[in-house]
2 protein chains.
Amino acid sequence: MAMYTNEDNDQFLPLRETVYKKLRKQILTGELKPGERLMEIHLANKLDVSRTPIREAIRELELEGLVTIIPRSGAQVAQISEKELRDVLEVRRSLDALCSELACRRATSTDKDRLKKACQAFEEATEKGNSVAIAGADVAFHEIITQATENHRLIEIVHNLADQMYRYRFEYIRDDTNYGQLIKEHRALMNAIVDGDAEKASGIAKQHIDRQEESVLRHLREGESTQQKPRKRRPSAAAAPGSRKPDQGAGI
Amino acid sequence: MAMYTNEDNDQFLPLRETVYKKLRKQILTGELKPGERLMEIHLANKLDVSRTPIREAIRELELEGLVTIIPRSGAQVAQISEKELRDVLEVRRSLDALCSELACRRATSTDKDRLKKACQAFEEATEKGNSVAIAGADVAFHEIITQATENHRLIEIVHNLADQMYRYRFEYIRDDTNYGQLIKEHRALMNAIVDGDAEKASGIAKQHIDRQEESVLRHLREGESTQQKPRKRRPSAAAAPGSRKPDQGAGI
DNA sequence: ACAATATAAATTGTATACAAAAAAGTACAT
DNA sequence: ATGTACTTTTTTGTATACAATTTATATTGT
């Protein structure tokens with residue numbers, strides 16, 4: 001066992017955090033596939049820590065929506081249904097529009113410069129044709145806009161929503177055999193923000209997501225191969241019907 | 001309190017969940033004040049469980065934004081600054097607008113009926129003048145709209161944002177010595193949804209939040225009395241500058 | 001007095017033990 | 001073969017022990 005040997009590894013962070021990061025990455029990259037079970041002892045052995053930090057990491061991931069916990073049964077990598085993906089995108093559509101609007105109002109001149117560069121970089125990446133690079137450039141471009149909002153809560157939520165779909169990013173990129181439309185949208189969005197035209201920027205952002213939705217959903221329907229079947233469980237008196245969380249709203 | 005929780009069936013739930021609910025309620029109602037420390041052993045004794053479920057509950061609350069964890073130092077009830085409140089409201093503004101739009105498209109006729117009744121009930125509550133009842137009726141009204149969207153992710157996020165401000169709901173309600181404007185807005189929103197006029201509904205929802213922002217912020221500035229001062233901690237090499245979470249966006 | 005430093009106390013982080021529940025496996029009857 | 005009761009194995013839920021770290025307190029030197 002590792003004991004308290006800091007092992008020189010990543011940092012002085014609590015184990016819980018490093019475990020959290022590792023699992024998270026594996027889920028996002030698809031190394032851990034949807035439906036795959038996350039068993040505490042197994043993971044503890046594999047990562048050479050005790051069950052405690054594993055448990056805590058899994059619970060963090062659950063609240064993030066990347067993991068589903070079935071009480072007294074265990075955790076599994078969250079299945080994402082078409083409906084759920086659609087829900088996520090519906091929210092993203094609205095929030096990406098908000099990001100763009102806010103960016104129009106709040107982007108500094110250096111923000112705008114970086115946006116121009118990122119836009120350029122994306123175009124160059126598409127010419128080279130490397131999927132990883134293209135996806136990276138796309139993320140970088142949008143990230144500048146997101147950060148320009150200066151609204152940390154918004155940034156957090158947008159990131160979270162993006163994470164839910166991270167697994168599909170390559171399909172999405174690979175889908176567009178010609179990136180002409182994508183480039184056009186990026187340019188238009190960039191210009192709108194530079195000009196401070198919130199109305200326009202908002203509209204483009206929405207369109208942008210709509211296009212994404214189309215291609216991601218198409219791919220989801222085609223390749224269902226990677227997902228594992230969800231485990232069924234014996235009926236139990238305690239099992240609440242339906243919702244995965246209290247979802248107890250306390251609206252103001 | 002309002003809260004759509006099925007109380008009492010906690011018997012079969014894991015302790016972690018019941019602890020989570022208890023702490024959550026205490027934070028939202030203000031029984032645990034912002035800045036107050038959450039110490040594991042202390043809470044464990046008080047609630048008569050071991051530290052383990054306490055820890056897990058606290059971590060859930062952290063991801064929800066109701067608790068702040070300082071590594072190796074402990075957890076405290078989240079302080080909410082004016083900037084953060086503003087950020088929350090900025091997102092809510094956008095999402096409440098989205099809720100209203102979606103409600104226009106998706107509300108069933110029974111939804112609409114219930115909305116009318118809830119609107120009516122709110123008016124009656126204002127006449128009676130009981131703050132608790134008014135706040136409850138307000139929540140109920142908005143909850144119908146939220147649920148009508150049929151978008152579970154959206155519902156979850158909106159609830160979470162609402163929770164962040166739950167502590168201020170009474171100030172907000174009490175502030176409006178005459179509820180005329182509030183009633184007018186509710187009625188207008190209700191009518192827009194019944195008519196399916198998404199554009200109009202969206203606009204009203206935004207105004208509604210703007211009004212809230214105004215009065216909540218005013219009250220926040222006045223009564224800073226209840227908040228405890230945050231503990232300061234020794235500088236540490238591990239302490240990351242700024243952000244409380246990796247926040248590593250993986251945008252698509 | 002005041003600051004710096006050493007010492008003690010409190011508190012969190014992690015590992016581990018054990019009980020409770022669920023899942024998987026097995027034998028048996030039909 | 002199929003279904004059913006029973007047993008075993010696996011896995012989670014909770015409690016607890018101990019190490020590591022931080023916070024509080026006392027002590028000392030100036």
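On a predicted model such as this, the values are computed, not experimentally measured, just so you know. Residue numbers start from 1 in every chain, and the chains themselves are labelled A, B, ... in the order their sequence lines are given, proteins ahead of strands. These numbers come from the heavy atoms of this one structure, side chains and all, not from hydrogens, waters or symmetry mates.
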Requested in this report: Using side-chain hydrogen bond (donor to acceptor under 3.5 Å, both in side chains) as the criterion, list what pairs up with Glu40(B), not counting sequence neighbours.
Outcome: Arg51(B), Arg55(B)

Query raised in the report: Quick one: is Ser50(B) getting a side-chain N or O under 4.0 Å of the dA15(D) phosphate, OP1 or OP2?
Result: yes

Report task. Answer yes or no: is there an ion pair linking Arg86(A) with Glu82(A), defined by an N-O contact shorter than 4.0 Å? Result -> yes

Query raised in the report: Is Leu38(A) touching bases, backbone alone, or none of the nucleic acid, heavy atoms closer than 4.0 Å?
Result: sugar-phosphate

Report summary line: Of all heavy-atom pairs linking Lys83(B) and Glu150(A), the shortest is NZ-O, 2.8 Å

Report summary line: Atom CZ of Arg51(B) and atom P of dG13(D) are separated, to the nearest Å, by 19 Å

Query raised in the report: Could you give the CD-to-C1' distance, from Glu17(A) to dT14(C), as a whole number of Å?
Result: 14 Å

Requested in this report: Return no unless some side-chain N or O of Arg55(B) is found under 4.0 Å from OP1 or OP2 of dT12(C).
Outcome: no

Query - Protein-nucleotide distance (Asn45(B), atom CG; dT16(D), atom P), rounded to Å - result: 10 Å

Query raised in the report: Think Ser73(A) has a side-chain N or O under 4.0 angstrom from the OP1 or OP2 of dA23(C)?
Result: yes

Query - Charged N-O contact under 4.0 Å between Glu62(A) and Arg16(B) - result: no

Report summary line: note: Arg59(B), atom CZ; dT14(C), atom C1'; distance rounded to Å ~ 11 Å

Requested in this report: Rounded to the nearest angstrom, tell me the gap between atom CD1 in Ile41(B) and atom P in dA15(D).
Outcome: 15 Å

Query - Test item: side-chain donor near acceptor, His159(A) and Glu143(A), under 3.5 Å - result: yes

Query - Options dT12(C), dT16(D), dT14(C), nucleotide nearest the side-chain atoms of Pro14(A) - result: dT14(C)

Query raised in the report: Whole Å only: how far is the CZ atom of Arg72(B) from the C1' atom of dT11(C)?
Result: 10 Å

Query raised in the report: How many Å lie between CD on Gln76(B) and P on dT23(D), as a whole number?
Result: 11 Å

Report task. Specify the separation, in whole Å, of atom CD of Glu56(A) and atom P of dG13(C). Result -> 8 Å

Query raised in the report: Which part of the nucleic acid does Arg16(A) contact within heavy-atom distance under 4.0 Å: base, sugar-phosphate only, or nothing?
Result: sugar-phosphate

